[in-house]
Each structure stands twice: as structure tokens, then as C-alpha cells.
There are 2 protein chains.
Amino acid sequence: MNPEFHTYKNPSLAVDLVVFGYHRQSLSVLLLNRKDAPFKDGWTLPGGFLQMEETLQQVCNRIMRTKIGIENLYLEQLYSFDAPQRDPRGRVISIAHYTLINPERFEIIAGKMANDVQWFPVNQIPELGFDHTEIFRQASQRLKSKILYHPVGFELLDETFTMTELQALYECILDISIDRRNFRRKILDAGFILLTGSKREGLKNRHPDLYKFNKDLKQNSFQLNISSPQ
Amino acid sequence: MNPEFHTYKNPSLAVDLVVFGYHRQSLSVLLLNRKDAPFKDGWTLPGGFLQMEETLQQVCNRIMRTKIGIENLYLEQLYSFDAPQRDPRGRVISIAHYTLINPERFEIIAGKMANDVQWFPVNQIPELGFDHTEIFRQASQRLKSKILYHPVGFELLDETFTMTELQALYECILDISIDRRNFRRKILDAGFILLTGSKREGLKNRHPDLYKFNKDLKQNSFQLNISSPQ
DNA sequence: TCTTCTTTGCGTTATTATGACACAAAGTAA
DNA sequence: TTACTTTGTGTCATAATAACGCAAAGAAGA
């Protein structure tokens, strides 16, 4: 190993997470209330430093497990944020990621580092510490773009779901209203969901068609090109 | 400042650059032949470590200046590569970027760290050191996607250009052939180039229409949706 | 049980976007 | 002068899309 190699002085490396949760037709983001400086008592995204042996995916899972109590998520790398003054403690490069979870499946707990953990609707995000407002903004934009050509978002639904539920998810994430019949046609033409015969428990007398994600989909890409009525 | 902060042991941080050059209707990538281990005498992407006070953009410019002799580029962040064994010297996270340049405008020189610097056509890239083959592959894919909805690639042309020149660039980057008349219609409908009256010098008796990039374009996004004939 | 309202599945139609291709004018080369 | 190539500008048949109708089935209320 190059002897100079580990004496090379360079910035610290961290990750920050934008955790999206979809529940009762509302899209939220998970925020931590900081117990310590900087930004003590302020809201920030969950994050943490990368340890020597960890991959980015591992550090994201570690943060979710220790700070929030959940892990094993759909995870996507977003962007690296490098402004020199973004962290008052020193030079930190943050590789931001975002995840999607169904809040009903987890019990969120504040880890020992935080006063509180709370879901905030995406249109009611408070001022955030560091450059996390910008990170959140970019994550929202990426999610909106990605859902139009990639079957993201199924992590937020049950294994089987109705067409109405799927449409509500799209309308919520994209923040638009979509014509019910055109949405159905485009989603089915895209071929990434399948009709399933099984009725869902808990729905007594309703029999709307139930669908599930088509995991055998050849190409993992399509073009929804959704637009709203009028 | 947190006293623990700078004693935190974490991976080194580097950038790698995929430098695309377009010249004589051929798309190439700039590669370095390494003078030192690891991968001595092997081809790799240009890259370097991030210094404490540098932004990502600054380190990219420094690498281009010192290793290749050019700077001030169109630059886009691509992705962070974090495989634990990607660098045999130790743990290095690389934040890959890609750039577009017109090779005619620069004289490429091998910096003191490299045996040689050479352009390779994108379909004749040799085996690369580290994980640079994968980085190159992702950069190519990103460039192909991006050019369909964002006016990238104008860095590779002169300030004014003919429709045929612009189409050749698209055909080269996308590696498809496009119907001349449909391409013209879509590009003009997108509204991101303008007709300019000025004739270009050096073209004596030819007067094809000359266009230039519309810098006043409101939204910096469109949808080309180009497809090839037949 | 009867009536009313909502939800859901499955259509149709007018408009627009797209792919394929024709043609003439002007420059180029022989 | 005569091909040949390049460039600008169309047309047209087809496909994709947005907007919307309608009937069947459940839900809700009397």
C-alpha cells in the first residue's frame, strides 16, 4: 500500500437520507430534531458519517436502524453536496440518498441522538439545518421524474392494490390530478402491473380489480407521460 | 468545532472524470496511461483526490489542468462509486463526473503523472483499471439520456452551426440514424436553437442556415423523443 | 326493499404527435 | 452543360393522447 496514501488529508464523508413515507394519500418526509449542536433543537434529515469498511448502502441502513429503528429499504443515490461551509463543524461532503417506505409497516423511534423523530407532509417542511432544504428539494424533484419512467413507488403500497390506490399514489407524488381512464390505459399498456385474482382481506363486499407489480417485466423502463385533465 | 470531528477515520474521497470529445463525427473519451502502480502502464480515466478546501468542481478543473492541460469545462456529476475493493491502495470513494469538450480547441498534453494521454473512440475503449469501465459505461448512458431532454452537447459545436452538424452530433452520441426532416422539426419545435443570419467564415460558397443555442430559453428542458427511420 | 349516490370497468371520438417520404432549389463536381 | 449532392419545406397515413360517455355493481339512506 502506498505509504502516503492514508496520510492524505481530505474532507470527511457522510450520507444524508430523505425518507419518503406515503400514508393515507399523503406524502411525508421523516425529520430528526437534533439533540446537539450544530442546529441543536432544529430539524434535519437523518444522516451520518461513512466508516472505513462500510458501503454507502450499509451506512444508509445503519443510520435508519440506529436513528429510526428500520432498515432494508428501497434506496437510491441522489447527489453529492460539497459546499465548503455546508457543515459548521468542518469540511464534510455528503452523498445524499432517498428511500421510500410505508410508515404503517414500521414503528418509528427516536434514536439516542435525537430529541424527536417526526413525519412532515412534503408541503409543510420546516426550515432545515445544514443544506438539507436543498437536498430535500432535489430529492422531491428526482422522485417526481423517476416515477414517470420507472416503477418506483410500489414499496409504498401493499403487495396487491387497486388501480385507484395506485393512481392516488401517483397523484400525490406528482401533485397533479390525472384522468382516471387515461391513467388506467397508460399504466396497463406500460405492462408493469398484472391483474391478480386474489381478493384482499379486510375488504368485505368490495371487489375492485386487484393488481400486483410485474416482477418479470423485461425492460425496467417505460414512458408514462402523464398529464392532468384540462 | 467538535474535537472528535477531525479524528474520525473515514475513507478517502476522489473524483474520476469521463471526458467526452466530439471531433469529425466521432465521439471519443480521454484516457490516461498510468506511470505508477496500481495498474501501471494500464489505461484509466483521469482522476484525483479531493483536497480539504476544494469543491468538486474545483478538483475536476485541477485534474484537467494538471493532468491534461485544459479546464473550465461543462461538468456534470454522475454518480458515486463505493465498492470496498475498487482501489487496491485502500478505501476510496469516487464521485464520478463527466465533461464535454471540443478537442480542436485544446492541445492535450500528458501531465507528469501519466505516460500518455489519448483519445479513444467510445466503441474501442480498452480494458480500464479500477472500476473505470463501469464508470465509463454509466457516463455514456447518462449522456444518451440527458441529450434527449436537455440541450447538452452544444459545448461540442462552434457557436454557430448548421442543422446537419447538430444532427450528426445527435446521431453520433445516440448511435442511431435519424430522419433529417423529422429531426429538424423536433429540434425547432423544442425551441432551444435560433436561426442566425450571420454566415460562418471559411465556408465560401455554401449557405446552409446557421443556428445558435437559444440562451434565453425559458424552461431548460424539453422532450425530443427521437427515433430512427424504419 | 326501493331509491340515490359513488365507484369501477370499458368504451368512443376529436385532436395532436409522429414516422415515412416527396419534391424543388441551390450548390458541387465532372 | 450535365449529373449529383445537400438543404429547405412540405404532405400524408398512422399512432398516441386528452377528454369524455355509459352501464353495472356496490354503498348509503329512507
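Chain A is the first sequence line, chain B the second, and so forth, proteins listed ahead of strands; every chain is numbered from 1.
A:Thr162 has its side chain out of reach of A:Asp209: every pair of non-hydrogen atoms, C-beta onward, lies at least 4.5 Å apart.
Nearest heavy-atom pair, B:His97 versus B:Gln77, reported as atom, atom and distance to 0.1 Å: CD2-CA, 3.5 Å. Minimum interatomic distance between A:Lys144 and A:Asp175 (heavy atoms only, all atoms of both residues): NZ-CB, 4.4 Å. The two residues B:Phe161 and B:Ile193 come nearest to each other via the heavy atoms CZ-CG2, 3.9 Å. B:Leu17 and B:Cys60 get closest at one heavy-atom pair: CD2-SG, 3.5 Å.
Atom CG of A:Leu188 is separated from atom P of C:dT8 by 15 Å (rounded to the nearest Å). Across the protein-nucleic acid pair, B:Asp179 atom CG and D:dG8 atom P stand 14 Å apart, rounded to whole Å. Whole-Å rounding puts the B:Phe183 CZ to D:dT7 P distance at 13 Å. Between B:Glu165 atom CD and D:dT6 atom C1' there is a gap of 13 Å when expressed in whole angstrom units. Here the C1' atom of nucleotide C:dC21 and the CD1 atom of B:Ile178 are 17 Å apart, to the nearest Å. For the pair A:Met163 CE and C:dT6 P, the interatomic distance rounds to 23 Å; values are reported in whole Å. For the pair A:Phe161 CZ and C:dT8 C1', the interatomic distance rounds to 16 Å; values are reported in whole Å. Regarding B:Leu195, its CG atom lies at a distance of 15 Å from the P atom of D:dT7, rounded to whole Å.
Applying the 3.5 Å distance criterion, the base of C:dG19 shares a donor-acceptor pair with the side chain of B:Arg185. In the interface, the side chain of A:Arg184 is not paired with the base of C:dG11 through any donor and acceptor atom under 3.5 Å apart.
At D:dA18, one or more side-chain N or O atoms of A:Lys186 fall inside 4.0 Å of OP1 or OP2 (strictly under the cut-off).
For the pairing with B:Phe154, the ring pair (Phe, Tyr, Trp, His ring centres under 6.0 Å) check across B:Tyr170, B:Tyr22, B:Phe192 returns one residue only, B:Phe192.
Of all nucleotides listed (C:dC23, C:dT18, C:dG9), C:dG9 comes nearest to the side chain of A:Arg180. Here the side chain of B:Thr164 is nearest to one of C:dT8, D:dA19, D:dT7, namely D:dT7. Distance from the side chain of A:Arg181 is smallest for C:dG11 among the nucleotides C:dT8, C:dA22, C:dG11. Of the candidate nucleotides D:dA18, C:dT18, C:dT8, D:dA18 has the atom nearest to the side chain of A:Asn182.
Note on A:Asp16 versus A:Arg86: salt bridge recorded, some NZ/NE/NH1/NH2 to OD/OE distance being below 4.0 Å.
End-to-end axis angle of the helix from C:dT1-D:dA30 to C:dA30-D:dT1, using five pairs per end and rounding to 10°, comes to 10°.
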